[in-house]
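What follows is a structure written as structure tokens; I'll ask about it next.
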There are 2 protein chains.
Amino acid sequence: MSPEERFLREYDPGAYPRVAVTVDVVALTIRDGELHLLLIQRAEPPYQGFWALPGGFVRPDEDLAAAARREFAEETGLGGERLRRVHLEQLASYGTPDRDPRLRVVSVAHLAFAPDLPEPAAGSDAGDARWLAVSALPGRQLAFDHERIVADGLERARSKLEYTPLATRFVGDEFTIAELRGVYETVWGHPLHAGNFHRKVLSVPGLVESTGQTTERGGAKGGPRARLYRAGDARLLHPALLRPAREETAR
Amino acid sequence: MSPEERFLREYDPGAYPRVAVTVDVVALTIRDGELHLLLIQRAEPPYQGFWALPGGFVRPDEDLAAAARREFAEETGLGGERLRRVHLEQLASYGTPDRDPRLRVVSVAHLAFAPDLPEPAAGSDAGDARWLAVSALPGRQLAFDHERIVADGLERARSKLEYTPLATRFVGDEFTIAELRGVYETVWGHPLHAGNFHRKVLSVPGLVESTGQTTERGGAKGGPRARLYRAGDARLLHPALLRPAREETAR
DNA sequence: GTAATAGTGTCTTTCAGACACTATAAG
DNA sequence: CTTATAGTGTCTGAAAGACACTATTAC
């Protein structure tokens, strides 16, 4: 490093070219047994008419996570306790020089897990936000590098279900083991063995705790009432709930 | 979102306040059976005299990963094939508004795994870069929020050894099972059972492959010559090499 | 009654960890 | 010869997965 460079680096960082920092949010929920993603239809160029992740510039004095939560809240209209229950974590940052044709933008992507939420009301501030089925995405081109970000977010989500209790963030406060199994099946895209899953969930310390209650009715097509559970206090699962063998996909 | 805000967001992103984007590198290596971290002693305020992670501003038209690799190369003097063999991955981004007293800085931290490297030559461009033992860090205050970044990097490294073959990045091209065990013991901070580790490493598909060679001599205090192995072609380990039970630390 | 589901029992296989043992090489 | 290490054999316990079975409820 030359003395000049070191000088700039230490004393005049503003002399370096301008970079914009944004947050984008990969927000996932489960509707009707299908994984859905919150997307916004772009009204203006670039990528006019394309679907894009909700996101925007980080404001001065605003934390990265706070910016992501604000963007999520703005587009869903969610607030208060229901917003606070949404899990939000940092996913990764994307900064390929030409990812936005207007200027250099580094986006800090976040990943959100939400229980089934209503469609953002049309005509509100939310504009053109929609929950779209993830299964309907392939073939549809997203704006910027958002396809890549979504792919990374989905893989992270699948992986997080293995060793954290975050599956409980996709269901209500009280839920049955079958509902929880539905979350795993939907996110992983595999049917799971009901009996073994049931035993496994109850055997992992801190995953769920009993409420002592049961559902009011049995299933739509019959069957006994199911017991209701709440999320437990574990932050990591030991032992983990591993996905059925991906075999040599990893090689 | 107000119409004004939407206008700014779409048409004049430059109107948003300036944010600087940097990369920082948590570079790890193993020297003398101890985990070491590459640090730089700061010559100027803020945090003058403090140890800090190597890092700097992302240049125009430079990818985030490229910036991190450049910073690592500048401080270690490494280049060519030896530089290419260093594993580098994105860790996380840090953007608390006041993390740098001079201006708003968002840092995209990276994590690097390197085999034992020579101390950066004094008097070179590398300046005051040093490999410091991680065990000597507690109690020593680092610049900015680098303590937090290092902690996150160490946890990521420990976790990555479980389900990836990255332990092989800490040793040379050819290595013995005992050397590989040393990596795990050093990073995890636990002694491992030699016999069980040996069998486990050979049983995981794609972790290592035999060279057919053995070491020239036995151990310093006697013992048979060890067979030499190369890194295999696996990118993920199935089944994983799990750390000895952390018990309920996670709760 | 019929069909579907909640929840449990049990067996097999895989894998981690403990322990023991042998073979080889340095000094 | 002594001592330390490489590598293997074997047993135990934990846990995953396959399969079977009972009890309960909707219709």
Side-chain angles (χ1 to χ4, degrees), chain A residues 33 161-163 171 174-185 188 190-229 236-247, chain B residues 33 161-163 171 174-185 188 190-205 207-229 236-248:
Chain A
L161 290 207
E162 292 190 307
Y163 60 95
V171 293
E174 301 196 343
F175 51 86
T176 66
I177 303 289
E179 285 172 345
L180 194 61
R181 175 161 49 84
V183 171
Y184 276 91
E185 290 176 334
W188 284 351
H190 292 283
L192 298 176
H193 187 288
N196 289 340
F197 181 86
H198 193 106
R199 187 191 359 255
K200 172 69 184 175
V201 164
L202 295 185
S203 77
V204 175
L207 210 197
V208 300
E209 62 184 30
S210 177
T211 66
Q213 307 289 106
T214 68
T215 53
E216 289 293 320
R217 293 177 40 90
K221 305 180 204 150
R225 301 180 190 174
R227 293 178 205 155
L228 287 168
Y229 296 85
L236 288 172
L237 305 185
H238 281 294
L241 273 112
L242 297 177
R243 277 176 271 189
R246 297 158 274 185
E247 294 303 333
Chain B
L161 290 207
E162 293 190 307
Y163 61 94
V171 294
E174 301 196 345
F175 51 86
T176 67
I177 303 289
E179 285 172 345
L180 194 61
R181 175 163 49 85
V183 171
Y184 277 91
E185 290 176 334
W188 286 349
H190 293 282
L192 297 176
H193 187 286
N196 290 339
F197 181 87
H198 193 106
R199 184 189 4 249
K200 171 71 184 175
V201 164
L202 295 186
S203 77
V204 175
L207 211 196
V208 299
E209 62 184 32
S210 177
T211 65
Q213 307 289 106
T214 68
T215 52
E216 289 292 321
R217 294 178 37 90
K221 304 180 206 150
R225 301 179 190 177
R227 294 177 204 156
L228 287 167
Y229 295 85
L236 288 172
L237 306 185
H238 281 293
L241 274 113
L242 297 177
R243 278 177 270 190
R246 299 158 272 186
E247 294 303 332
E248 310 307 318

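Note that these values count all heavy atoms, side chains included, but never hydrogens, waters or copies made by symmetry. In what follows, chains are A, B, ... by sequence order, proteins preceding strands, each numbered from 1.
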Quick test of your reading: applying side chain to side chain donor-acceptor pair (under 3.5 Å), list the pairs with at least one residue in residues 205-221 of chain A, sequence neighbours left out, ordered by first then second residue.
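Passing the test, one end in residues 205-221 of chain A: A:Glu209-A:Arg230.
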Separation of A:Glu216 atom CD from D:dA26 atom P, in whole Å?
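A:Glu216 atom CD is separated from D:dA26 atom P by 11 Å.
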Those residues of residues 207-215 of chain B lying under 4.0 Å from DNA chain C by at least one heavy atom
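Of all residues in residues 207-215 of chain B, none places a heavy atom under 4.0 Å from DNA chain C.
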When rounded to the nearest 0.5 angstrom, what distance separates CZ in B:Arg181 from CG in B:Asn196?
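B:Arg181 CZ to B:Asn196 CG: 11.0 Å, rounded to 0.5 Å.
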Does B:Leu192 offer a backbone N or O that forms a donor-acceptor pair with the side chain of B:Glu185 under 3.5 Å?
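At least one qualifying donor-acceptor pair exists.
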Where along residues 192-202 of chain A does a heavy atom come under 4.0 Å from DNA chain D, residue by residue in number order?
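Within residues 192-202 of chain A, the residues near DNA chain D are A:His193, A:Asn196, A:Arg199, A:Lys200.
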For DNA chain D, the residues among residues 218-227 of chain A that have a non-hydrogen atom under 4.0 Å from it
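The stretch gives A:Gly218, A:Gly219, A:Ala220, A:Gly222, A:Gly223, A:Pro224, A:Arg225 as the residues lying under 4.0 Å from the strand, ordered by number.
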On DNA chain C, which is the earliest and which the latest nucleotide, 5' to 3', with an atom closer than 4.0 Å to a heavy atom of chain A?
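First-to-last contact on DNA chain C, by the 4.0 Å heavy-atom rule, is C:dA4 to C:dT10.
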With side-chain contact (heavy atoms from CB on, under 4.5 Å) as the test, would you mind laying out the steps for A:Val208 and A:Phe175 before giving the verdict?
CA-CA 10 Å; A:Val208 300; A:Phe175 51 86; 3.8 Å; yes
For B:Ile177 and A:Pro239, find the nucleotide of DNA chain D closest to each by heavy atoms; which residue's nucleotide sits nearer the 5' end?
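Nearest nucleotide further toward 5': that of B:Ile177.
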Please report the interatomic distance CG(A:Leu207) to OH(A:Tyr229), rounded to the nearest 0.5 Å.
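One finds 11.5 Å between CG of A:Leu207 and OH of A:Tyr229.
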Report the distance from atom CZ of A:Arg225 to atom OG1 of A:Thr176, rounding to the nearest 0.5 Å.
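So the gap between those two atoms works out to 14.0 Å.
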Taking all atoms of both residues into account, what is the closest heavy-atom pair of A:Leu161 and A:Trp188, and its distance?
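Heavy atoms only, the tightest pair is CB-NE1, 3.9 Å.
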What is the distance from atom CD of B:Glu179 to atom CD1 of B:Ile177, rounded to the nearest 0.5 Å?
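Taking CD in B:Glu179 and CD1 in B:Ile177, the distance rounds to 10.0 Å.
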To the nearest 0.5 Å, tell me how far B:Arg227 CZ sits from B:Glu174 CD.
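CD of B:Glu174 is found 15.0 Å from CZ of B:Arg227.
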How large an angle, rounded to 10°, do the end axes of the helix from C:dG1-D:dC27 to C:dG27-D:dC1 enclose when each is built from five base pairs?
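The helix from C:dG1-D:dC27 to C:dG27-D:dC1 shows an end-to-end axis angle of 10°.
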